[in-house]
Every structure is written in structure tokens, then in C-alpha cells.
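Labels below follow one simple rule: chain letters A, B, ... track the order of the sequence lines, proteins then strands, and each chain is numbered from 1.
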Amino acid sequence: MRECPLTKKRVRADQVEPQSGTVFSYSGATSTVSDKDVSAFRFDLADTISKLPNDDLKARAGIEAGDLLAGELNAAKVSAFFFQWRDSSEELHPVRRVLDKFKRTHEGKESSERFAVLLPTGKPPESAHKIAQEFYQSRGVKTPGLLNEKIGKIENSTDFHPESGVELTEARPFNLMFKTYVGPVESEDSIAYLRPETAQAIFAQFKNVLDTARQKVPFGIGQIGKAFRNEVTPRNFIFRSREFEQMELEFFIKPDEVIEAIHGSVATLGTLDPKSKTPEPQPNWGWESWHQYWVEERVRFYEGIGLSRDTLGFHHQTPEELAHYARACTDILFKFPFSKKDEQGNVKGDELEGIAARGDFDLSQHQRFSGKPMTVFDEELRAAWGKLPKEKSDTLWKRYYDHRKNYLTKCAKPDETAEQISQQATEDANGLAKGVYIPHVIEPSAGVDRLILALIANAFSEETKTDDKGKSETTVTLKFHPRVAPFKAGIFPLLKNKPELVKKAQAVRDLLRPWMNVYYDEAGSIGKRYARQDEIGTPFCVTIDFDTLGEKPELLDTVTLRYRDDGKQERLKISELRDWLLAKVR
RNA sequence: GCGGGUGUAGUUCAAUGGUAGAACGGCAGUUUUCCAAACUGCAUACGAGGGUUCGAUUCCCUCCACCCGCUCCA
């Protein structure tokens, strides 16, 4: 991380465009003092010296201060004299006072900070002066006089900010992880880092789960948990925060070479039709199909809790954006109210989830650094491999070998030789014949807090109504999908001063309570109670009225069921209420 | 991290160097009351710490929080 000292803009140290041109550098700047100030000071100084008590002192002070009485004058110079005379005799104090006054008037108005700026060849030096003066002004020097200008040519330097041309600060690591100490004493041994993502535990436990849960590839392990990142700017409510909840799935699949060995070829999924159901997973799917499948499956999840497809966006990471080990990554975005528009005015959205195809990188890393095998044994593969024509098995062997070698080379430990790497890759490829391989992984990883924010933003709806008296009122309704509404139903007795209504309403409440979150309310008018539930997003309200008690005999034991989004009402038998609601909220 | 702004009740907004008000909301009550009805009563606030002052919510300083912009988004 490097920074332009003038504009404070930051760039990544490894991403600076090389530039050429003329460099103007300065060792610092000092206040230029106006002629008027200078003559006033000199008059004062000469006057003070002339009033010293004896001629001897006058002569001494006159000689020593000679430099100040003639030639160039600035705060730094005066300051130097002031300190030179720090321990002088008491008789010289009036002189010191004059110096002190001048020094103080211009104090802090000098800078010894180095500054350099790169200009394209041909630009006049004045623009460099201007930028440098601007810089020293920002450092408190009001009328900067530049010191020790040096001019030189430079080629392909990455030390200057691409926009401002200003020399960047030293590269500083940007701390992304939270560091802490475990135990009561802070020492080197007890340093710990809070995890920046949750997935690593899954890989560490991969073998245990495989063995104990009696799973076969393909299968997945999901996890939800806290992660911590030292974000530069936590912003936008809970969209980006330093502590957040992450939910991740590591879905383990067979490498394409294994699929091809068993099934002869790798099936492609083609483009999925958004309207049709996600197809049933097939045994001959390769990583591309599985990746596509999970993207579609995740979108369906979002749709299932109320985020319709048109509120979402997608971003397919370009090869440059991808991490070196990733094969593909699709981000699912939500169009938040704060999301920025592009040039055409379209809202792209902000990331809710990334679905990455990560190959066998993670398990391979764990295997190499823990020394424990992360391979699986596949009976079907071993049987199929034996029946392959030699030509085919050679091709697959070679492809697998190349992938492994590529990975091992990229992630080589410092002491590993090319020979060792080839040997390891050969060993890995030979494993195929024995039915042994490291699974590949598809990783959907989502931010839970962001999802909650998206659900709230999506549900928020305001309506301004004007009543008969001309009084306008704005009401807020959170139109949550019933599945994610915090309360599923509000239960009200029409009147609270009628014990029969209250008793019946409480019975309905107790009937539903073991099955779902319900909100019992008897305070205020019925309209107000509906409004309160609208505001917290409760999708249904159930009112117990006189008909429930049998005022009209045919309506005995029925209730008013009222919908949040349109206010419509219908009557429903109490005996059917629970199943009716469960069907809506599950 | 930089620049700017704002901090008074749950919310929106007043006033004040000496007792901090309102509206809406909340709570309790009256009322056969189905979309924030009405009436009665009650409770709730000066972001934190220093300083100036007889006295500070008000003036000054520091900190903190939030907002906007820059930045960041590995």
C-alpha cells in the first residue's frame, strides 16, 4: 500500500504503472518572509543591540548577529541563532526576546519533509514549483520557499502516483487481519489472528467428515460463523463491517479427468433456462456444470426468500480478477439503494455471494502443509481406469499430471526443486490408476449480514395516505417474504375489555405458538395493531371477533385473517389456521 | 486514514449562561373499536470527559459516535 502525500490517494504497491519524465525534488521548504517583516525585525534587532548595557556586549552581539542583519532571512536561520544563544548571559536576553518573537511568528512554518514530483518531459518547471508549494502549504508553510531543488530524468519508475505525479510514500503493509494475544500475557508466542474467512475449518475436517459421515464424492460441507477483517471503511449500515457472519459451502466434486475416465466424456450443462427447474445433478457433470448448477441453485434460494431475479445482479470475474488458483468465480449482487450506477445509469449492485470454482487448491495446500493425505479412494475410478484404452488413459494421465505440476510449481515451497515437483506430480497422476485423487471444490460463500440488509432493503415500502380530514400520513410496511418475517402472525382480540374475546384470542395464540413466532397484542385500536404489525413486517394478522364467539352461528370458531400487503381479509376456521399458516411460512 | 457536517425523549424538531418544550410514538385506563378514531392520565432526552463561570445543555478544548465526500473493496 502506497500513498500520494498530497492527495492521500492510495495505490497498491504492485499495481503502479511505470512512468518516465523529469523529476523535481526538494529537501524541504521554509517560509518566505515579506520584506516589510524583515526590515521591521532588523530594525528591532539593531535597536535592541544598541541598547545593551555595555559596549563589549554590543560589539559581541553585533558580530554574532551580523548574519541576521544582512543577507537572506528566514525562520530557520533565526531559530538557529535563538538556540545558539540559549545559554547566553542574562544581559543578552533582550536580544533573545527579539529573536523569539520573530521565530514564534513564523514558527511551524517550515518543513524539512522531502518532496518530489514527476512531470512528463517538456512541462515547464513552474508547474513542479506549483505542486511542491501546494504540498508544503498543506504541511503548514504558508508561503513556502522551496529548498535544494534537484532536477533529473527518470525512466519507468513505479515510485510516482499515476494521476498526480507525486512521489509515493514508502510501501506499507495494509493490515487485513486482526491480531490478538491468547492468554493473559502479551508475548511473541501468544500472537493469534482472528480468521478472515470461515472455510479453512471445513478443509481441515474434510477427511473426518468423509470417513465418519459415510459420504461419497460429490458431497458438500456447509458452515456458518464469524469472520473478521480489518476493513478500511466499514460503511453502508451493515454491508461492510469488521466483524461479520459468513456462510460457506465447500462442495467436493471429482476432477474432470476422473469423470472422463469413468463416463467416457464430461457432460456440459448448457445454458440454464431461468424458468425451468434446476436440473437434477448427473454423475457425468464436470466442474463447469457444477459451478453453473450452484449459481442457479443459490439464485433460487434468494428467490425463495423474496429477492426476485430483477433485484439481483451478476458479475463473472475476469481472468485478471480471479485469484491465481481459481478457475471461475461468479458473484451474485443485490441492487441496494446505495449501489452505484454505471455510465448508462444501470445499477449493477453489490456483492452478496461469490461462487468460486477453486480446483483442488485448498485441499492440496492442506495436504502439503499438514502432511496428512486429503485424497479419496474411488472404487469406480479404479475399475474404469483398468478398462481404458492405453491411448485414453495416457491422455488423461498427462492432463492430470500437467494440472498437478502447474499447481505445485506455482505454490512451490522455497526449498523445492523442479525435480521434486515433477516427481510429486508423477506420483499424483499415478494415483488415478489406483482410484485415488484429491477432490475439486465449488465454493459458494455468502455474507449473512449483507443478506439481512438486502432483505430489509427489499422489503421496505412507504405509502402516503390522505384521510377524510385531509391529514396525510406516511406508513411504512416491511414486505418480508413470510419465510423470513420475524413474526409470522399477529393475534388480536377485537376488544380487550371483553373477557370472552381475550380468552379465545389467547387460546389461538397458544395453539400457534409451538409452531411459529406470533405476536399477541390487545393494546390500542384494531387499526393501530394492524399498523404496528405492518411496520415490523408480519405477513398475517388474525382477529378474534364476536362472530368467532358465535354471534352469527354459522361463523362460530372462525377468525378474520388479514393480509399485510393489500389489507384484504377473509374468514378461516380456527381448526384450519395452523396448517394454512404453516403452508405459507415454510 | 484525509476533508466537511451533525450530536437535545424511541422518532422528527424547538428553546435557553439559572425550571429543557412540542408533535408523533410508548405505557395505563374508558369505549361492540375491523385498518395508526376519540378522550383521560403517566413515563422518557441535553454523546463522554475536561476547562471558563457563583452557576454550562448553551462558551472553549479534547475524545467518541453518526452522516456526506475521498479512499478501500485484498
Would [X] and [Y] pass as an ion pair if we require N to O under 4.0 Å?
X	Y	answer
A:E416	A:R368	yes
A:R532	A:D521	yes
A:R571	A:D545	yes

So, do A:Y530 and B:C34 meet the stacking rule of ring centres under 5.5 Å and planes under 30°? no
On the nucleotide [N], are OP1 or OP2 found under 4.0 Å from the side-chain N or O atoms that [X] carries?
X	N	value
A:K528	B:C35	no
A:R532	B:C27	yes
A:N497	B:U32	yes

Counterpart base for [N], defined by Watson-Crick or G-U wobble contacts under 3.5 Å:
N	result
B:A65	B:U6
B:U19	none
B:C34	none
B:C70	B:G1
B:C39	B:G29

Apply side-chain hydrogen bond (donor to acceptor under 3.5 Å, both in side chains) to A:D350 and list each qualifying residue two or more places apart in sequence or on a separate chain. A:S339
Please work out which residues in residues 553-569 of chain A have a non-hydrogen atom less than 4.0 Å from an atom of RNA chain B and list them by number. A:T560, A:R562, A:G567, A:Q569
Do A:E570 and A:Y563 get their side chains close enough for a donor-acceptor pair, meaning under 3.5 Å? yes
Of the nucleotides [options], which one has an atom closest to the side chain of [X]?
X	options	answer
A:A523	B:A36, B:A28, B:G29	B:A28
A:S525	B:A37, B:U32, B:C73	B:A37
A:L494	B:C73, B:U33, B:U31	B:U33
A:T475	B:A36, B:G29, B:U32	B:A36

Ranking A:T543 and A:K496 by the position along RNA chain B of their nearest nucleotide, the one closer to 5' is A:K496
Closest nucleotide of RNA chain B for A:F239 versus for A:D534: which of these residues is on the 5' side? A:D534
Would you confirm whether A:E443, through its side chain, and A:R358, through its main-chain N or O, come within 3.5 Å as a donor-acceptor pair? no
Cation over ring, A:R300 on A:Y302, under 6.0 Å and within 45°? no
Whole-angstrom distance between B:A20 and B:G25, as gauged at atom P: 25 Å
Determine the interatomic distance between P on B:C24 and the same-named atom on B:U31; round to the nearest Å. 24 Å
Could you tell me the separation between the CD atom of A:E321 and the C1' atom of B:C72, rounded to a whole number of Å? 16 Å
